[in-house]
Amino acid sequence: MRILRTPADRFADIPDYPFAENWIEIDLGEGYSARQHYVDEGDKSAPPVFLFHGEPSWSFLYRKMIPILVEAGFRVLAPDLIGFGKSDKPDDPEFFTYERHVDWLKQWRSAVEPRPAALFVQDWGGLLGLRMLAHDPDLFTCVVASNTFLPAGGTPSAAFLAWREFARSSPEFRIGALLDRATATERSEAEIAAYDAPFPDEPSKAAARAFPSLVPVEDGMPGVEENKKAWPSLAAYEGPFLTLFGEDDPITKGSEKFLIERIAGARDIEHRTLPNCGHFCQEDQPEELAAGLIAMARKAGHLG
């Protein structure tokens, strides 16, 4: 297996992404290590907030939210998951597992900002972040979840099965075009190119190809038992927990009810479904998402 590093010049013309680069070395296991990139904006002593992206995006997805959150008084931290964005990319799809991604993100968090933090999760950011929340609920002051869930087996939808097979076997896997199709608002050519930038060739897409097959949506899959064990702790979480799902997302629409009904902190919260909002909600409704996160942080006493 090779650990690929995306050439820096791939990111030379990224629009609306003026953020300084930050790096940390992650132990991947089996004798491998990788350099992980993350955004770190705002006063380092300010209350932290984590923004976790999913499949197949990267921290560029949060470029519209980050300035709003910094202005509100946060230290904003947005990592690129291993295999995505500016982070290094193992080129073997079989190397990626749900458990490894949880471990790698925990490594990042422990080294970069171990203080209690507010959390925003979307897509795979939720599969990772909600598991972390269940393991260490005292380390998260509040949560906003959008277009995500914590699956523990069951029967997957036809739409998800089609997406999983497409990611696994499609001869063409154009990341920028995928992002464009999964938003309710049209992306510019420069924005589409920005989502393509981390993936200069097929080997660099190993994580993006693998992720849909790692979602534990069927009984017996790896991750099912671990998520079943996580759910009691997640359900008992009492910090403010807000769901803001997109009404135009065909994959996760309706999943918010399982979070709202089961998580203690979701009670007595005004949850909303956002209009004109697709799966990649950060592109379509960044101001609404940032406002919800600010409100939850203030409700939790995390932000003045």
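Note that the structure is predicted; figures quoted are calculated from it, not measured. Hydrogens, waters and symmetry mates are skipped; everything else that's a heavy atom, side chains included, is used.
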Modelled atom types, side-chain donor and acceptor of S87 and H37, under 3.5 Å: no
Aromatic ring pairing F95/W104, orientation class (parallel under 30°, perpendicular over 60°, tilted between): parallel
Parallel, tilted or perpendicular: ring planes of Y38 versus W108, cut at 30 and 60 degrees: perpendicular
Verdict with supporting geometry, S59 and D80, side chain to side chain donor-acceptor pair (under 3.5 Å): CA-CA 6 Å; S59 56; D80 291 342; 2.7 Å; yes
Worked verdict on D27 versus S33 for side chain to side chain donor-acceptor pair (under 3.5 Å): CA-CA 5 Å; D27 179 4; S33 64; over 6 Å; no
Sidechain-backbone polar pair: T183 side chain, D180 backbone, donor-acceptor under 3.5 Å: yes
Note: E283-R63 ion pair, threshold 4.0 Å (strictly below): yes
No-hydrogen, no-angle side-chain donor-acceptor test under 3.5 Å, T6 and K89: yes
T148 and D123: side chain donor to acceptor below 3.5 Å: no
Chi angles and distances behind the ring-ring contact (aromatic ring centres under 6.0 Å, His included) call for F199, W58: CA-CA 11 Å; F199 308 106; W58 60 294; 9.0 Å; no
Closest non-hydrogen atom pair, H101 against L128: CB-CD2, 3.7 Å
NZ/NE/NH1/NH2 to OD/OE distance under 4.0 Å, E30 and R100: yes
Side-chain (S169) to main-chain (E165) donor-acceptor, under 3.5 angstrom: yes
Aromatic plane relationship, F52 with F50 - under 30° parallel, 30 to 60° tilted, over 60° perpendicular: parallel
Verdict with reasoning, L119 to V49, per side-chain contact (heavy atoms from CB on, under 4.5 Å): CA-CA 6 Å; L119 177 64; V49 58; over 6 Å; no
CZ/F258: more than 12 non-hydrogen atoms of other groups inside 6.0 Å: no
Any donor-acceptor N/O pair, K253 side chain to E247 backbone, under 3.5 Å: yes
Test item: S170 side-chain N/O and F173 main-chain N/O as donor-acceptor pair under 3.5 Å: no
Whether W124 and F211 hold their rings parallel, tilted or perpendicular, with breakpoints at 30° and 60°: tilted
Short side-chain donor-acceptor distance under 3.5 Å, Q122 and Y62: no
NZ/NE/NH1/NH2 to OD/OE distance under 4.0 Å, R131 and E99: yes
Donor-acceptor contact below 3.5 Å, side chain R109 vs main chain E113: yes
Nearest atoms (heavy-atom pairs only) where E191 meets E186: OE1-O, 4.5 Å
Any donor-acceptor N or O pair under 3.5 Å, side chains S213, R168: yes
Geometric class of the F241/Y237 ring pair [parallel <30°, tilted 30-60°, perpendicular >60°]: perpendicular
